[in-house]
Amino acid sequence: MLWSALRLPSTDDPPSPTDAALQALAVWALQFTPRVAVAEEAVLLEVGASLRLFGGRAALRERLWPGACELGAVALAWAPNALAALALARAGVEDGVSAPLERALDALPMATLSVVRPHLPTLSRIGCRTLGDVRRLPRAGLARRFDAALLAALDQAYGRAPETHVWVVLPAVFDARLELPHRVDDAGALVSGARRLLLQLSAWLAARHSGVTAFTLHWAHDAMRSRGVGEGGQLTVRTAEATREAGHLARLLAEHLSHVVLAAPVGDLRLTAEGVVPLAPQSASWLPGDARSQEPLAQVLERLAARLGEDRVVRPVLCEDHRPEAMGRWQPAAQVLPREAWPVQPAGPQPTLLLARPLKLLVRQHRPIYQGELQLLLGPQRVEGGWWDRDETAGQARHAVRDYWVARSPLAGVLWVFQTRLADEPAWFLHGVFA
C-alpha cells in the first residue's frame with residue numbers, strides 16, 4: 001500500500017485549518033483515489049491503486065501537488081501507511097518509501113505523532129528526543145506508565161498494526177463555501193477566491209464522471225454594509241458544452257465578473273452547480289503535437305461572448321426546412337446547440353453563395369435573362385413549404401412553391417434560379433451562384 005498525506009497549516013503555524021478547508025481539500029482529492037480520509041490537519045489518500053493510472057509516483061505528484069497548494073496545503077509526504085505519512089508531512093519529510101520505514105520514522109521529532117504530545121515532558125526527562133528513542137523503550141514499561149493509545153499509535157505508524165479510517169463520501173450535490181481572507185470591494189478580485197471553489201467543482205465532477213453546463217457564484221456582503229444594498233448577489237454562468245476544466249470556467253467567470261459592480265464589500269463566497277450532465281472522457285492521442293492540446297473553439301467563443309456580449313458572437317444552426325433561405329439561422333455562440341440537426345440532404349445541387357433576397361429576372365419569350373439569356377441545364381427541383389411560417393407584420397404566410405433550375409449565363413457563369421408556381425403571374429428569380 002502507498003499513502004499520501006496533504007497537510008494544511010496547523011495550530012503551530014496559523015491559521016489553523018477549518019473543517020470547511022479540510023472538507024474542500026478532501027473532496028478535491030477524490031479525483032485521484034476513492035479512498036480519502038481526514039485526520040486532524042491533513043487529508044490522507046490511499047493511492048496505491050492509482051499509481052498505474054497516473055503513470056507512477058512522480059507523475060501523480062505533478063498532478064497532485066499544484067492543485068493541493070492552491071487549496072492551502074503546505075506539505076506532502078509518502079509512506080506505506082497513513083499515520084507514518086502524516087508524521088512525515090508534519091516534519092517536512094516527503095519521501096518515506098525509498099528507505100526502510102523504521103529508519104525514516106526513527107529520526108522524526110516526538111511531536112510528529114499526536115498521541116505522544118501529552119507525554120512530551122515525561123519522555124524528555126528520561127532522555128527521549130525522537131520517535132526512535134520512544135520506540136526503543138521497553139514495551140512493558142510503556143504500557144504501564146503511559147496509556148494504551150501511545151503504544152497502539154507507534155505500532156500503527158511502524159506498520160505493525162492495522163489502521164481504521166472513516167472514508168470521505170462524495171456529496172450528492174455540489175455546494176461549497178469559502179470565507180475570504182479579507183473584504184473585497186472589486187468584483188474582478190473575486191476570481192482568485194472563486195478559483196479555489198472551481199477546483200473543488202472540477203474534482204467533484206471528475207469523481208462523478210460528469211461535466212457542468214451552468215454554475216452560480218453567490219457572494220455575501222459584509223456585515224457593516226448599508227441597509228439598502230441587500231444581503232449579497234449572485235452570478236450564473238452558462239456554457240454551450242459540458243465541461244469540468246477549472247481553468248476555462250475561471251476564465252469565463254472572470255469575463256462575466258468584469259461587468260459586475262459590487263454594491264458593498266464581500267466577505268464570503270458560495271458556489272453551486274446547476275447543470276450537471278454525464279461527460280465521456282476524451283481519448284488521448286498517440287501522435288505528438290495533437291491539436292486537441294489547444295484551446296477548443298467552443299471555449300474561445302464562450303469567452304468572446306462573455307467579453308463582447310452574447311448578441312455579438314453568433315454561429316449558424318441548421319433548421320428543418322426545405323426552403324433554402326430558412327435552412328439555417330444564427331444564434332448566440334454561448335447557447336447550447338440543438339441536439340438534433342436537420343438530417344435530410346437536399347435533393348439537388350446547392351449553390352456556393354445564396355443571395356439574401358431572390359432577384360427577380362427579366363423574361364423574354366418565356367426565357368429568363370441575366371447578363372444574357374439563361375440556358376437551363378438541370379432541373380426542376382421542386383420545393384414547397386412554409387405554410388406554417390407566418391409573417392405577422394405583413395399578415396400572410398411565407399409559403400413558397402418553386403421549381404429550382406441550374407442555369408448558365410453567358411457572362412455570369414452557373415446560377416441557381418427558380419420559377420414560382422401556383423401564382424397569378426409566374427416569375428423567374430435568381431437565388432444563388434455556383435463558384
Side-chain angles (χ1 to χ4, degrees), residues 6 8 17-18 20-32 36 43 62-73 168 170-182 184 186-220 232-260 262 266-279 281-282 295-296 298-307 334:
L6 296 172
L8 290 171
T18 62
L22 284 169
Q23 186 66 21
L25 184 58
V27 171
W28 174 83
L30 284 170
Q31 64 183 308
F32 301 100
V36 176
V43 172
E62 290 183 4
R63 296 279 301 273
L64 184 67
W65 183 238
C69 287
E70 289 198 50
L71 292 175
V168 174
L170 191 72
V173 178
F174 185 83
D175 188 343
R177 296 177 180 271
L178 175 67
E179 182 179 355
L180 298 176
H182 54 81
V184 175
D186 179 34
L190 297 178
V191 178
S192 59
R195 179 173 174 78
R196 297 183 62 176
L197 297 175
L198 289 172
L199 284 174
Q200 300 175 46
L201 173 61
S202 176
W204 181 82
L205 291 170
R208 293 174 59 92
H209 305 286
S210 301
V212 68
T213 59
F215 66 91
T216 300
L217 179 68
H218 309 259
W219 56 84
Q234 65 181 42
L235 173 65
T236 299
V237 177
R238 303 186 183 277
T239 62
E241 296 180 352
T243 181
R244 56 172 174 256
E245 185 184 343
H248 171 62
L249 296 177
R251 291 190 295 269
L252 196 59
L253 178 62
E255 296 292 349
H256 284 276
L257 284 175
S258 64
H259 304 294
V260 175
L262 298 178
V266 172
D268 296 275
L269 295 179
R270 173 172 166 247
L271 190 73
T272 57
E274 299 170 357
V276 179
V277 296
L279 182 63
Q282 187 178 22
E295 187 174 11
Q299 297 183 7
V300 176
L301 293 177
E302 287 175 355
R303 195 167 69 253
L304 289 175
R307 182 178 303 176

Please examine the side chains of [Y] and [X], heavy atoms only from C-beta on, and report whether any two atoms are closer than 4.5 Å.
X      : Y      : answer
Val168 : Gln23  : yes
Val260 : Trp219 : yes
Leu217 : Val237 : no
Leu257 : Val191 : yes
Leu235 : Leu253 : yes
Leu71  : Leu6   : no
Trp28  : Leu64  : yes

Q. Does the side-chain contact (heavy atoms from CB on, under 4.5 Å) test come out yes or no for Leu279 and Leu205, once each step is laid out?
A. CA-CA 9 Å; Leu279 182 63; Leu205 291 170; over 6 Å; no
Q: With sequence neighbours left out, write down each residue that passes side-chain hydrogen bond (donor to acceptor under 3.5 Å, both in side chains) with Glu245, or none if nothing qualifies.
A: Gln299
Q: Any side chain to side chain donor-acceptor pair (under 3.5 Å) involving residues 170-182? Give me the pairs, sequence neighbours left out, ordered by first then second residue.
A: Asp175-Arg270
For the student: nearest non-hydrogen atoms of [X] and [Y], plus distance:
X      : Y      : result
Arg195 : Gly247 : NH1-CA, 3.9 Å
Val266 : Leu180 : O-CD1, 3.7 Å
Leu22  : Val43  : O-CG2, 3.8 Å

Q | From CG (Leu25) to CZ (Arg196), nearest 0.5 Å | A | 9.0 Å
Q) Measuring from Thr216:OG1 to Glu274:CD, what's the distance to the nearest 0.5 Å? A) 3.0 Å
Q: For Thr239 and Leu249, run side-chain contact (heavy atoms from CB on, under 4.5 Å): C-alpha distance rounded to whole Å, both residues' side-chain angles, the deciding distance at 0.1 Å, then the answer.
A: CA-CA 9 Å; Thr239 62; Leu249 296 177; 4.1 Å; yes
Q. How would you list, by chain and number, every residue that makes a ring pair (Phe, Tyr, Trp, His ring centres under 6.0 Å) with Phe174, sequence neighbours excluded?
A. Trp204
